[in-house]
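Here is how names work: the chains are called A, B, and so on, in the same order as the sequence lines, proteins then strands, and each is numbered from 1. Reckoned from all heavy atoms, side chains included, excluding hydrogens, waters and symmetry mates.
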Amino acid sequence: MGKQTTGQPFATPASWRWISERGLRVATGEATLARYKSLISKNLRDVEDIIPADDSLLLVFRSAAEVPAEVRAALVEPLADLYGVVDGKRHEIVADYGGVAGPDLRALAKQAGMSEATYIEQHAATEYTVAFLGFQPGFPYLRGLPTALQTARRASPRQRVAPGSVAIGGIYTGIYPAGGPGGWHIIGRTNAVLFDPQRDPPALLMPGDRVHFVPA
Amino acid sequence: MIEILRPGLCDLVMDLGRPGRGALGVPAGGAADPAALAAANCLVGNDASAAGLEITLSGPRLQFPLGGVAALTGARFAASRSSGAPVAWNETLVLAAGEVLTLDRPEAGCRCWLALRGGLAVPQVMGSRSTFLPSGFGGHCGRPLQAGDILHCGTPAEDMRLLRASPPTGEADDCLRVVAGPQTGQFDDAGLAAFFGGAYRVAAASDRRGLRLTGALVSHYQAELSSQGVLPGAIQVPPDAQPIILGWDGPVTGGYPVIAGVIAADVPRLAQLKPGEAIRFVTIEVEAARALAALSWEIKELA
């Protein structure tokens, strides 16, 4: 296990621990995307996959083993540039807020002590950054949600959420690329195709990209 | 080629999956027991990575209009051939033109794999022919097979031989070996005791995304964490305190506390757990789990 560095400046080497025989969780804090890009650029042969998440990376090794020297060196290497490498594309996502498209908007606005119109205005006035993709292929975890709009996930998940649903979960806003069960609050819907396996890259929004919502 | 006369419950085209795309939110997926699919492929002269069918709980009726060479591995299903010839498991099967292969229900277990000589020639999507049902891509049109579907085969890698495979002799008990953590600290003593001492059953609402369990409630201090990368076999405990073992098509990140993870050697055993089945968990150290090398199949010429 590496030493604890959570909350330390980005230049500090990452700390890590095994969560299974092949899975190494690396605490990366603010430098998650910068560390991800640095590791990916090294084409580490023992590493099958690297999964970015909230302030951490999961390194998946091809076989069960100790941390190879090459990977150890890559993990402790100081990062030259934290922000330059994560300046992604800018996207405008047209969203239909409230009503059938956003069944939870009314309750969320009420809970936040504002009108639905103000809630929409605040949600759309913000520039979001894609922190990572997860839950479903192409599902973006968008950072930047105003504090007043943040709220815990639904107590019981919906059995089915419509594709394109714009949602609120904790400190994040996100968009469901595909239908299926979902535990976030649904405030709107977009026609944008978030994930198309035939496209390159298949995900419309990539980590580091910036997103603006535009009310329909 | 094969024609589906009657589909099974969920017949999916699978190969060894598409690892390496976690950053897109795409799990590796692929056959639930990759070694079993690889063995079936070997029996028909394919590369281990050729696409076959993963058959779950109730099997299809398939016609081979031009005949063909096939092999079945995994759980033994009640099965018959229109020729009256026996349907052996773990052996090369030669089917005559027009022959019909019917698979019914498993005698024990849950899933089997059918390999066809040349492999199923569905298009590759993101580097794999595996079906990913949650997003509806890969495999045959991104969905389970339906009556009337016709699937073609590619070119075999090896010359034709009649072979027999011996599956590894593994654990037959109801204990799944797990490594504790990474969030055992989020659970109170009662929750940990319930999980590590309790008996669970596989719930009906289980699929390749996850095995939902019913049994002792696993209470925790904190129901939500920041999202973290997860792998198949990770055991999450959502707010309802009933554990879920993440499956092959499960999400790549999760925000519920993870109490333990099924060891890599036992993840393929999850493929054979059907709804209602009883399981228990026994903890081992990560180092011990690493030493349990994946059990391997043995392949021999048929005498």
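- In B/Arg212, the CZ atom is not crowded: 12 or fewer heavy atoms of neighbouring residues, nucleotides or ligands sit closer than 6.0 Å.
- Ranked by heavy-atom pairs shorter than 4.5 Å toward chain A, the options B/Pro251, B/Gly250, B/Pro134 are led by B/Pro251.
- Contact annotation for A/Phe195: only side-chain heavy atoms (C-beta onward) come within less than 4.5 Å of a heavy atom of chain B.
- Distance check, rounded to the nearest 0.5 Å: CD1 of A/Ile19 to CG of B/Leu231 gives 5.5 Å.
- Heavy atoms of other residues, nucleotides or ligands lying less than 6.0 angstrom from NZ of A/Lys42 number more than 12.
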*Between A/Tyr172 and B/Ser227, does a side-chain contact (heavy atoms from CB on, under 4.5 Å) hold up when you go through it step by step?*
CA-CA 11 Å; A/Tyr172 290 106; B/Ser227 284; 5.6 Å; no
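- Annotation: the span from A/Phe139 atom CZ to B/Ser135 atom OG amounts to 12.0 Å, rounded to 0.5 Å.
- Checked options A/Pro202, A/Pro137, A/Pro197; the residue passing with B/Val26 is A/Pro137 (criterion: side-chain contact (heavy atoms from CB on, under 4.5 Å)).
- For A/Val47, no part lies under 4.5 angstrom from a heavy atom of chain B.
- The heavy-atom pair separating B/Pro182 from A/Arg25 by the smallest distance is CG-NH1, 3.5 Å.
- The two residues B/Gly255 and A/Arg153 come nearest to each other via the heavy atoms CA-NH2, 4.0 Å.
- Interface check for chain A: of the options B/Ile263, B/Val125, B/Val286, the most heavy-atom pairs under 4.5 Å are formed by B/Ile263.
- Using a 4.5 Å cut-off between heavy atoms, B/Arg209 touches chain A through its side chain atoms alone.
- The shortest heavy-atom contact between B/Leu24 and A/Ala203 is CD2-CB, 3.9 Å.
- Considering only heavy atoms from C-beta on, A/Leu58 stays 4.5 Å or farther from B/Gln228 through its side chain.
- Options A/Gln198, A/Met206, A/Arg22, A/Gln136 differ in how many heavy-atom pairs under 4.5 Å they form with chain B, and the most are formed by A/Gln136.
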*asked:* Pair A/Trp18, B/Val179 - check side-chain contact (heavy atoms from CB on, under 4.5 Å), show working.
replied: CA-CA 10 Å; A/Trp18 288 103; B/Val179 292; over 6 Å; no
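- Residue A/Ala53 comes nearest to B/Thr253 through the heavy atom pair CB-CG2, 4.1 Å, listed as atom of the first residue, atom of the second, then distance.
- Only the side chain of A/Ala178 has a heavy atom closer than 4.5 Å to any heavy atom of chain B.
- Atom CG of A/Asn191 has 12 or fewer heavy atoms from other residues, nucleotides or ligands within 6.0 Å.
- Contacts with chain B were tallied for A/Asp54, A/Leu205, A/Ile50; A/Asp54 has the most, counting heavy-atom pairs under 4.5 Å.
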